[in-house]
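What follows is one structure encoded as structure tokens, with my remarks underneath.
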Amino acid sequence: MDKRVEHNGVSSHSFMMPPPQRAAVMPQPRVMLVVTGDDFGYCPRRNQGIVDCFQAGGISNVSLLVNACAAKEAADLAKRHNIPIGLHANLSEGIPVCQQASTLTTQRGFFHGKMGFRQALERGQLSMKQVELELRAQVGLFRELTGHLPHHMDGHQHVHVLPGVREVFAQVLSDLRIPFTRVPVEPGQHSCPALPAHLQRFYAQVEKDALDSIPVFTRYGIRWPDVYLGLTTMGRNMSVPNLQRALGHALAAEPSSASTSGGAWGPNQPVVTAELMVHPGYPSGPQEGGCGEGPDDFSRSADRQHELSVLRDPALLALYSRERVQLCAFKDI
């Protein structure tokens, strides 16, 4: 018999009413991935590229260079778009924030540079007290620009894991209760054929310094994700297949002693926490950007925009979904 139900003058078949639907349950992630856009504040075009990347779901976190020429604009953009932001502590490029930084600078008043800083450190020419004062001054400026302390703090050009510097760095983080840092030890780095010999040598030294930093950071209660990625996928080396390879290494990794992992996604299969370091943006103009000395070659190249394009590629976002990778900020792990 055809039963009809009248409701507000509209007739319907009672047997055609759909059953109540259960809410879909999202699968537990296998990887909690912090994708950090470094060098925020470097120039207006970098800032815009990073914001575009965040809005497209390509990054989930940024690291601010407070001594860069567009740092205030970057901090304002982070507030406006609710972008999780930390401090990219800089001891190697541009002009220091602290006045008392004489051993950290050349006669022209600029930091010694990526390799110059390391050479001066090896020669014993750098005052660790001045390193501490500069780090604290940069945290202070970060707070002034953003209105809060950084939730994470890493080192521009990986200076924070260098001998001597790492102890000062850890002390500052501990004193200010900044909970997270970066430990740049990338699984699979040594088997990556795309890296030229000079980068292989530099990254091998970065890895050694980072490994030597682990007991120091552990002693001070500093935390970091289980896995670090990004050295083998910088610039033109970034592609969806290369990122897939890097994620494969992350999935195979075991949580370290300073693990941020909490839950589990299956029997004996913990959620892996990871950070992917990236440098998206639009190329800087010839005299636009930098930390007081103008933009570097990497900033003016097409590599930044290439990274931006890959990070927004629907194929990469589909890969994250397929592999159950959830993008997040440090505060989420």
Side-chain angles (χ1 to χ4, degrees), residues 29-40 46 49-50 52-64 83-86 88 151-158 160-161 180-189 192 194-195 199 203 206-207 210 223-253 255-256 259-261 271-281 298 303-333:
R30 298 167 69 192
V31 181
M32 297 288 287
L33 179 64
V34 181
V35 184
T36 302
D38 278 2
D39 304 341
F40 200 35
R46 176 75 48 77
I50 284 175
D52 289 350
C53 198
F54 177 78
Q55 292 182 319
I59 62 171
S60 56
N61 189 72
V62 293
S63 207
L64 178 67
I83 305 174
I85 186 169
H88 205 40
H151 194 64
H152 69 94
M153 179 169 159
D154 54 49
H156 184 46
Q157 299 169 337
H158 310 293
H160 66 299
V161 297
F180 288 103
T181 192
R182 172 184 290 170
V183 176
V185 178
E186 180 169 356
Q189 172 190 314
C192 180
L195 294 177
L199 280 182
Y203 292 162
V206 168
E207 179 182 76
R223 300 168 65 199
W224 58 93
D226 299 319
V227 186
Y228 166 82
L229 307 167
L231 294 177
T232 64
T233 54
M234 278 184 62
R236 285 288 158 186
N237 287 335
M238 183 177 285
S239 66
V240 174
N242 281 350
L243 289 168
Q244 184 171 15
R245 173 192 54 77
L247 282 171
H249 288 295
L251 286 165
S256 66
S259 170
T260 57
S261 298
V271 176
V272 175
T273 60
E275 183 190 16
L276 171 62
M277 174 193 75
V278 298
H279 300 83
F298 186 32
D303 287 357
R304 303 286 187 172
Q305 191 159 349
H306 173 74
E307 289 198 21
L308 174 61
S309 297
V310 174
L311 290 165
R312 293 190 298 186
D313 190 331
L316 178 61
L317 303 183
L319 172 66
Y320 290 153
S321 178
R322 191 166 60 248
E323 296 292 346
R324 303 213 317 262
V325 175
Q326 180 176 321
L327 267 59
C328 65
F330 278 98
K331 61 183 174 59
D332 302 317
I333 61 176

Quick check for you: to the nearest 0.5 Å, what is the distance between [X] atom [atom1] and [Y] atom [atom2]?
X	Y	atom1	atom2	value
L276	L229	CG	CG	6.0 Å
H279	S63	NE2	OG	9.0 Å
S239	L316	OG	CG	9.5 Å
Y228	T36	OH	OG1	9.5 Å
R223	T273	CZ	OG1	8.5 Å
L308	C53	CG	SG	5.0 Å

I want to check something: taking the side chain as every heavy atom from C-beta on, are [X] and [Y] in contact at a cut-off of under 4.5 Å?
X	Y	answer
N61	F54	no
V161	V183	no
I50	F40	yes
D39	R304	yes

Of all heavy-atom pairs between [X] and [Y], which one has the smallest distance, and what is that distance?
X	Y	answer
G57	L317	O-CD2, 3.8 Å
V35	L311	CG1-CD2, 4.5 Å
D303	G235	CB-CA, 3.8 Å
P225	I333	CG-CD1, 4.0 Å
L231	Y203	O-CE1, 3.5 Å
P280	E307	N-OE1, 3.9 Å

Next on the checklist: For a side chain to side chain contact (heavy atoms under 4.5 Å, CB included) check, start with the C-alpha distance between H158 and M277, then their side-chain angles and the critical distance, and finish with the verdict.
Outcome noted: CA-CA 11 Å; H158 310 293; M277 174 193 75; 4.1 Å; yes

Next on the checklist: Taking side-chain contact (heavy atoms from CB on, under 4.5 Å) as the definition, give me every residue that meets it alongside E323, ordered by chain and number, with sequence neighbours left out.
Outcome noted: R30, L251, L319, V325

Next on the checklist: Checking D52 now: which residues fulfil side-chain contact (heavy atoms from CB on, under 4.5 Å) with it, not counting sequence neighbours?
Outcome noted: Q48, Q55, Y282, R312

[X] side-chain N/O to [Y] backbone N/O, donor-acceptor pair under 3.5 Å:
X	Y	answer
Q326	L33	no
H151	P84	no
Q305	G281	no
N242	N237	yes
T181	M153	yes

Next on the checklist: Ignoring hydrogens and geometry beyond distance, is a side-chain donor-acceptor pair present between R245 and T233 at under 3.5 Å?
Outcome noted: no

Checklist entry - Does the side chain to side chain contact (heavy atoms under 4.5 Å, CB included) test come out yes or no for L243 and M238, once each step is laid out? => result CA-CA 7 Å; L243 289 168; M238 183 177 285; 4.0 Å; yes

Next on the checklist: Holding to salt bridge (charged side-chain N to carboxylate O under 4.0 Å, His left out), I want the full list of residues that pass it with R182, two or more places apart in sequence or in another chain.
Outcome noted: D38, D154, E275

Item to check | Ring centers of F180, H152 separated by less than 6.0 Å | outcome: no

Next on the checklist: Please determine whether side chain to side chain contact (heavy atoms under 4.5 Å, CB included) holds for the pair V271 and V31, giving the CA-CA distance in whole Å, both sets of side-chain angles, and the decisive distance to 0.1 Å.
Outcome noted: CA-CA 6 Å; V271 176; V31 181; over 6 Å; no

